[in-house]
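Here is the structure we will look at, set down as structure tokens.
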Amino acid sequence: MDSRVVGIPEVDGTEQVAVVIDVMRAFTTAAWAFHRGADKIVLAADEDEALAVKACHPGWLALKDGAPVSGFDLVNSPGLIREADLADRTVIQKTTAGTVGALAVVEAKLALCASFVVAGATVRALADAGADSVTFVATGEDGRAAEDLACAEYLDRLLAGERLDSGPYLHRADTSPAADDLRGGRRRGAHPADVGLCLEVDRFDFAMKVGLEDGLAVLRPLRTRPDAGVRCTPCTVIDEPFPPHADARWRVKRT
């Protein structure tokens with residue numbers, strides 16, 4: 001399969017199949033929102049759009065990155081979202097990078113949003129679609145975010161049919177500036193477990209597909225075949241206490 005990795009500024013509208021990556025934290029948070037029962041996630045370009053959409057749909061919940069502000073109900077943090085009851089709710093998500101990247105490719109033939117927690121399912125969705133080329137959009141730091149580039153390379157090599165140990169890729173994410181900022185409290189609206197939750201490989205068995213619905217960019221979970229040939233060794237690298245629900249297969253020591 002042909003592939004390329006670009007930042008948001010390099011998206012040119014020719015992408016037929018795209019995987020938009022935001023490991024820390026937009027598309028880890030989105031996956032947790034679906035796990036907690038959300039029906040769909042509407043992606044907004046900025047805060048004003050998110051609040052305008054919410055004004056038209058008072059029962060929907062608005063989510064943003066950074067500190068909580070008036071009008072927004074949720075924060076872009078997997079550690080906080082995992083405690084929320086989102087059963088059958090619609091969430092409006094606005095983030096600095098992830099949602100912007102998804103909106104840039106929303107008209108592609110197939111556009112998926114990804115992070116490590118849905119890595120295997122994302123690869124299965126690409127295989128199911130018969131994609132012969134893919135553009136990975138690394139959203140953080142204009143395409144330079146270490147955690148997004150690590151995830152893109154991991155997905156690309158899985159697509160090539162390689163049997164992988166996820167540890168080296170998770171180590172790159174774990175030692176990234178974004179992870180350091182989260183641990184150091186330099187990002188508002190963070191939870192102490194956020195980094196660890198972003199490093200759970202294949203925590204969920206669905207991919208996440210974005211497309212246009214009634215003029216809105218809507219993200220929905222996409223169930224995939226469990227036997228589509230993804231071969232990896234799931235593990236993670238952690239510094240903080242691991243979430244109590246986490247499977248022991250994700251626990252490894254730092255090397």
Side-chain angles (χ1 to χ4, degrees), residues 3 5-8 19-32 35 65 76-82 95-99 101-102 112-123 134 136-160 162-187 189-204 207-208 230-243 246-247 249-255:
S3 66
V5 181
V6 301
I8 296 173
V19 177
V20 186
I21 300 170
D22 190 329
V23 173
M24 296 185 184
R25 294 163 287 169
F27 299 137
T28 301
T29 299
W32 270 99
H35 180 67
D65 47 9
N76 186 49
S77 160
L80 296 172
I81 288 294
R82 65 175 172 163
T95 69
T96 303
T99 58
L112 303 174
C113 295
S115 61
F116 283 112
V117 298
V118 293
T122 299
V123 171
V134 60
F136 295 104
V137 183
T139 61
E141 301 176 33
D142 288 333
R144 299 186 300 273
E147 68 280 6
D148 293 344
L149 292 174
C151 187
E153 184 177 340
Y154 181 66
L155 294 173
D156 191 39
R157 293 184 65 182
L158 286 178
L159 280 169
E162 297 185 38
R163 184 177 296 278
L164 294 179
D165 176 3
S166 58
Y169 302 93
L170 295 173
H171 179 74
R172 287 163 56 186
D174 187 48
T175 56
S176 67
D180 187 59
D181 285 348
L182 285 169
R183 289 195 186 93
R186 291 183 289 277
R187 292 198 182 186
H191 185 279
D194 278 355
V195 173
L197 291 171
C198 290
L199 300 179
E200 291 185 344
V201 172
D202 296 340
R203 177 64 176 82
F204 305 112
M208 298 185 294
V230 176
R231 297 179 293 176
C232 61
T233 304
C235 63
T236 194
V237 182
I238 57 173
D239 286 324
E240 55 269 358
F242 218 74
D247 192 305
R249 65 194 173 129
W250 285 310
R251 300 174 187 267
V252 299
K253 295 180 180 179
R254 180 186 297 280
T255 57

Check whether any side-chain N or O of [X] sits under 3.5 Å from a backbone N or O of [Y] as a donor-acceptor pair, and report yes or no.
{"X": "D181", "Y": "R187", "answer": "no"}
{"X": "T122", "Y": "A207", "answer": "no"}
{"X": "R203", "Y": "F116", "answer": "no"}
{"X": "D142", "Y": "G7", "answer": "no"}

Rounded to the nearest 0.5 Å, how far apart are [atom1] of [X] and [atom2] of [Y]?
{"X": "I21", "Y": "D148", "atom1": "CD1", "atom2": "CG", "answer": "6.5 Å"}
{"X": "R25", "Y": "D65", "atom1": "CZ", "atom2": "CG", "answer": "7.0 Å"}
{"X": "T175", "Y": "D180", "atom1": "OG1", "atom2": "CG", "answer": "9.5 Å"}
{"X": "D22", "Y": "N76", "atom1": "CG", "atom2": "CG", "answer": "7.5 Å"}
{"X": "M24", "Y": "S77", "atom1": "CE", "atom2": "OG", "answer": "12.5 Å"}

Next on the checklist: Given V201, which partner from the list V117, V118, L164, L170 fulfils the side chain to side chain contact (heavy atoms under 4.5 Å, CB included) test?
Outcome noted: L170
What's the shortest heavy-atom distance between [X] and [Y], and which atoms?
{"X": "P168", "Y": "D165", "result": "CD-O, 3.2 Å"}
{"X": "V5", "Y": "A138", "result": "CG1-CB, 4.3 Å"}
{"X": "L199", "Y": "A173", "result": "CD2-CB, 3.6 Å"}
{"X": "C113", "Y": "F27", "result": "SG-CZ, 3.6 Å"}
{"X": "V195", "Y": "L182", "result": "CG2-CB, 3.8 Å"}

Checklist entry - If we ignore angles and hydrogens, is there a donor and acceptor under 3.5 Å between the side chains of D156 and S3? => result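 Yes, S3 and D156 have a side-chain donor paired with an acceptor closer than 3.5 Å.
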Checklist entry - Between W32 and F204, what is the ring plane arrangement, given parallel below 30°, perpendicular above 60°, and tilted in between? => result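 Aromatic pair W32/F204 classed perpendicular.
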